[in-house]
Amino acid sequence: MATKLKTGNFAADQLKQLVMRIERLEEEKKALADDVKEVYAEAKGHGFDVKILRQVIRLRKMDKADLAEQNELLDVYMDALGMQEAAE
């Protein structure tokens with residue numbers, strides 16, 4: 001059961017501070033998201049494929065071992081579906 005928080009109460013003040021911090025961080029997060037959107041638009045303006053750029057960013061975040069495993073599995077699946085060209 002929730003306890004009542006009285007004005008002037010330490011818990012109420014603490015709650016208010018937490019809410020204010022969360023709100024400020026949410027504003028910062030939105031501003032950063034807008035900045036990222038602008039950079040992608042700039043990249044598109046320079047002729048880069050934004051969809052591929054997003055994929056590159058996602059792959060760069062991955063652990064090298066996980067990335068290698070994912071690439072190996074992709075090769076296996078593509079080979080199984082006849083999507084790989086034969087090595088010459």
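In this chain, residues are counted from 1 in sequence order.
Counting heavy atoms from C-beta on, the side chains of Ile57 and Tyr40 come closer than 4.5 Å. When side chains are defined from C-beta on, Leu59 counts as touching Met62, because their heavy atoms get closer than 4.5 Å.
The CG atom of Asn9 lies 13.5 Å from the NZ atom of Lys16; values are rounded to the nearest 0.5 Å. To the nearest 0.5 angstrom, Asp63 atom CG is 11.5 Å from Gln70 atom CD. In this structure, Arg58 CZ and Leu67 CG are separated by 9.0 Å, a value rounded to the nearest 0.5 Å. One finds the CZ atom of Arg54 at 11.0 Å from the CG atom of Asp49 (value rounded to the nearest 0.5 Å). In this structure, CZ on Phe48 lies 10.0 Å from CD on Glu42, to the nearest 0.5 angstrom. Between Asp13 atom CG and Leu18 atom CG the span is 11.0 Å, to the nearest 0.5 Å.
Under the 4.5 Å side-chain heavy-atom criterion for grouping Ile, Leu, Val, Met, Phe, Trp and Tyr, Met78 is connected to Leu81 within one hydrophobic cluster. There is a path of hydrophobic side-chain contacts, each under 4.5 Å, that joins Leu74 to Met83.
For the pair Lys29 and Glu26, the salt-bridge criterion is met [side-chain N within less than 4.0 Å of a carboxylate O].
Nearest approach of Asp79 to Gln84, heavy atoms of both residues: N-CG, 3.4 Å.
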Given the rule in the side chain to side chain contact (heavy atoms under 4.5 Å, CB included) test, do Val76 and Glu72 qualify, once you have shown the distances and angles that lead to the verdict?
CA-CA 6 Å; Val76 169; Glu72 288 175 27; 5.6 Å; no

